[in-house]
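Below, chains carry the letters A, B, ... as their sequence lines are ordered, and counting in each starts from 1.
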Amino acid sequence: MYTKVILVKDTDLKREDKTREFYTRLLDYLREASLHEQIQVVRVADIGVYDQGLVVKVLPDKVTYINVQDTDVKKIVDAILSEGKVIEDLVFKPKAKQHRIVLRNCGKIDPESIDDYIASGGYLALKKVLGELGQLKLIDEIKLSGIRGRGGAGYPTWMKWNFAREMNSAEKFVICNADEGDPGAYMDRSVLEGDPHSVIEGLIIAAFAIGASKGYFYIRAEYPLAVERIEKAIKQAYDYGLLGSGILGSSFNLDIDIRLGAGAFVCGEETALISSIEGKRGTPHPRPPYPSVKGLWGKPTVINNVETLANIPVIIAKGGKWFAQIGTQTSKGTKVFAVTGKVKNSGLVEIAMGATLREIVMDICGGTLSGKPIKAVQTGGPSGGVIPEELLDTPVDYENLQKLGSIMGSGGMIVMDDDDCMVDIPKFYLGFCVEESCGKCAPCRIGGFQMLGYLKKISEGRGIPEDLGQLRRIAQAMQKASLCGLGQTASNPVLSTLKYFEDEYNEHILNKRCPAGKCSSLITYTIIEDKCKRCGICFNNCPVKAISGSKEEGYSIAQDKCIKCGQCFDVCKFKAINKK
Amino acid sequence: MNKLSPADLDKMSKAPSDKPKDWIKVGLSSCGIAAGADEVFNFFVEEVKKRNLQIEIKKCGCAGMCYAEPLVEVNVEGLPSVIYGSVNKDIATKILEKHVISKMLVNDYIFEVLI
Ligand SMILES: Cc1cc2nc3c(=O)[nH]c(=O)nc-3n(C[C@H](O)[C@H](O)[C@H](O)COP(=O)(O)O)c2cc1C
Ligand code: SF4
Ligand code: SF4
Ligand code: FES
């Protein structure tokens, strides 16, 4: 039986992979020392450390050594055998680590088993709230924790709850906002699918805090598995008397229902969401009155995001003080991000607030997939902005991201490299907002459309320098005069790219050039004669037959026929297609 | 059904976490399923029955490593518990034959990024 395991992986992407070579070297050494039956060596696909040369990790000790040289083999094996000795100058000290509160059970427990949830401490927070704390102490605990809403706006959760609690009303409601309409974001879906009871427990506690006896899950219909798991979990909670009347033997009653959203982005906005549940058109309303005063059916209503609610049971179980130790001055706890784009390890990352964007993207997610430098990171989706590479050392919290012209948002994070065009990106997001605008207010409806027109014009090479001033003017008007958050924030992607990448706009306008090679009107494809081996692949792949010629004569592209799809560029094995 | 009392809840949460029983967990959320995780899950269930192995096959949610779905965590007594990524039926077979039966970790598919 093995007592130790050594995992090996070469994390240097710039040279040929040495994993196998080093693996063999270690094996040979162990055989010679007759240790091969005590220590197993294993090649791994990912070792959790990036760009640090040869990396080995010892299990069960969980010690990682980086930039290991062939000559270190003996040293490492000796250290392993010595039990407890660590080679100080090789050991890896992680700068950034995930901190899992919201995702505590995701990937660990069976989401379809309430017993699994309970066995990992689930519903004990609810027990504590009903049995010990009562409403006031509960809200105090949430206040002490400092938690702010994770749905985007970052409003202190305890204040919302307290407003609704103070309202004198026979009927009150709680709603879990699981609409998650931000393209690229799927944190909430993962929590609903991976740990539904944590969100249900959070919602029950919120209901108790304000004295509501009815709650809703508002889930987008495109999330059938999330709906199914929440449905199942609600039923299990009823069976165990954690929902319904006399919860856990107390006098507290709560019923929960599910409402499906049709997938309009604006329906995630709280006043629109309320209208949608009421069976009306999902359009926003002016606030105040805020939902905590006058919400669903005109009654005091608390709306919280999925991630906010999933935090609640842990805050209660471990105490608000414990939670408040995590994070920055203004932003407590953790945040889950869905990291996508040009990144090696795309996926969900939960970090303590205050971790830097660079730590998230480079240390946790392994940097770019291509090894190319990062150009920018986008946070906050269509309501957020683009943060350039030189600002990636900013610690993540609500205020910092806002200062940079972005927002925390719900947690989408897109990594961009040189192939991403800073005119094209805002055009995409603005296009999304124009599409999703409910049309109720003019600044959003007309302003968004006009801005999109300018961006199209610039990306097609018809822009003039005055367009940038126009974009800024309309953006300001939209921010000030739009009715809901959609219109108020829709210009952020444009403003932030203008702020950090104005040069790139000017390249499009003055030199009619798209440096990233994205804006198709500004690119031409030509065949470089000296490099062309006349294989004919491009000829066979052009969808519109814009390439003419033969293997004997060579090939050329007819610019008037070319639709700039880039197929020829991608298929040419000899890099003989020029893209400019 | 049986409504829980606070005392029941305490008992259930403190229930002895069994003896360290061997298990395989397959991540079955949207991302995993899209990558073929339910096939892998069913494959494990069938093979374990066929080969009469004493190991439990369990479901879990997404651990967040979307780039390496389907993800399979394996816990066998005497070995560190590890996560295998991009698992298909071939790799699943290796996991059963090498990891579960011969008690050796399988080369090349482990994603050791545990937080
Ligand atoms: C256009 C728009 C879309 C929104 N979409 C969502 C959403 O999908 N999920 C969400 O939780 N909040 C969304 N919000 C924010 C909600 O209005 C609300 O602030 C939030 O649900 C409150 O919960 P929290 O305090 O827990 O963050 C959206 C806001 C706007 C303006
Ligand atoms: S694929 Fe490249 S090398 Fe071949 S004919 Fe086309 S341009 Fe020339
Ligand atoms: S870019 Fe597309 S349309 Fe133009 S020549 Fe190449 S393959 Fe043909
Ligand atoms: S339609 Fe929502 S802000 Fe205008």
Mind checking whether Y84(B) and Y109(B) have ring centres under 6.0 Å apart?
no
Does a side chain donor of either Q236(A) or Y117(A) reach within less than 3.5 Å of an acceptor in the other side chain?
no
Heavy-atom proximity to chain B below 4.5 Å, by part of L103(A)
neither
Considering only heavy atoms, which portion of L124(A) lies under 4.5 Å from any heavy atom of chain B: side chain, backbone, both, or neither?
both
Contact part of K25(B) toward chain A, heavy-atom cut-off under 4.5 Å: side chain, backbone, both or neither?
side chain
Select, from A119(A), S346(A), P111(A), G249(A), the one with the greatest count of heavy-atom pairs under 4.5 Å involving chain B.
S346(A)
What's the separation between atom CE in M362(A) and atom NZ in K95(A), rounded to the nearest 0.5 Å?
9.0 Å
Side chain, backbone, both or neither: which part of V5(A) has an atom under 4.5 Å from a heavy atom of chain B?
side chain
Would you verify whether the NZ or CZ of K127(A) falls within 45 degrees of the ring axis of Y123(A) while also being under 6.0 Å from that six-membered ring's centre?
no
Okay, N345(A) and chain B: the region with an atom under 4.5 Å from a heavy atom over there is both
Does any backbone or side-chain atom of F337(A) lie under 4.5 Å from a heavy atom of chain B? Answer side chain, backbone, both or neither.
neither
Are any non-hydrogen side-chain atoms of N88(B) and E39(B) less than 4.5 angstrom apart?
no
Who among D8(B), D10(B), L4(B), L71(B) has the most heavy-atom pairs with chain A under 4.5 Å?
L4(B)
Using the test salt bridge (charged side-chain N to carboxylate O under 4.0 Å, His left out), find all partners of D115(A) that sit at least two apart in sequence or belong to another chain.
none
Between chain B and each of R229(A), R20(A), E112(A), K9(A), count heavy-atom pairs under 4.5 Å; write down the option with the most.
R229(A)
Greatest number of non-hydrogen atom pairs under 4.5 angstrom with chain A, of G78(B), S13(B), P80(B), falls to S13(B)
Proximal component of V106(B), with respect to chain A [non-hydrogen, under 4.5 Å]:
backbone
Structural part of V49(A) lying under 4.5 Å from a heavy atom of chain B:
neither
Under the criterion side-chain contact (heavy atoms from CB on, under 4.5 Å), I'd like the reasoning laid out for Q54(B) against N52(B): C-alpha separation, chi angles, the key distance, then a yes or no.
CA-CA 7 Å; Q54(B) 295 308 307; N52(B) 203 11; 4.1 Å; yes
Does atom NZ of K98(B) have more than 12 heavy-atom neighbours, drawn from other residues, nucleotides or ligands, at distances under 6.0 Å?
yes
Chain A shares the most heavy-atom pairs under 4.5 Å, among S86(B), A68(B), S29(B), with S29(B)
Please classify the contact between S5(B) and chain A as side chain, backbone, both or neither, with a heavy-atom cut-off of under 4.5 Å.
backbone
Identify whether the distance between the nearest side-chain nitrogen and carboxylate oxygen of D110(A) and K59(B) falls below 4.0 Å.
no
Can you say whether L59(A) sits under 4.5 Å from chain B via the side chain, the backbone, both, or neither, judging by heavy atoms?
side chain
Best-contacting candidate, C62(B), S30(B), C66(B), P6(B), against chain A by heavy atom pairs under 4.5 angstrom
S30(B)
Does the pair E112(B)/K62(A) count as a salt bridge with the N-to-O cut at 4.0 Å?
no
Contacting moiety of Y223(A), where chain B heavy atoms sit under 4.5 Å:
neither
Can you find a heavy atom in the side chain of H197(A) that is under 4.5 Å from one in the side chain of I114(A)?
yes
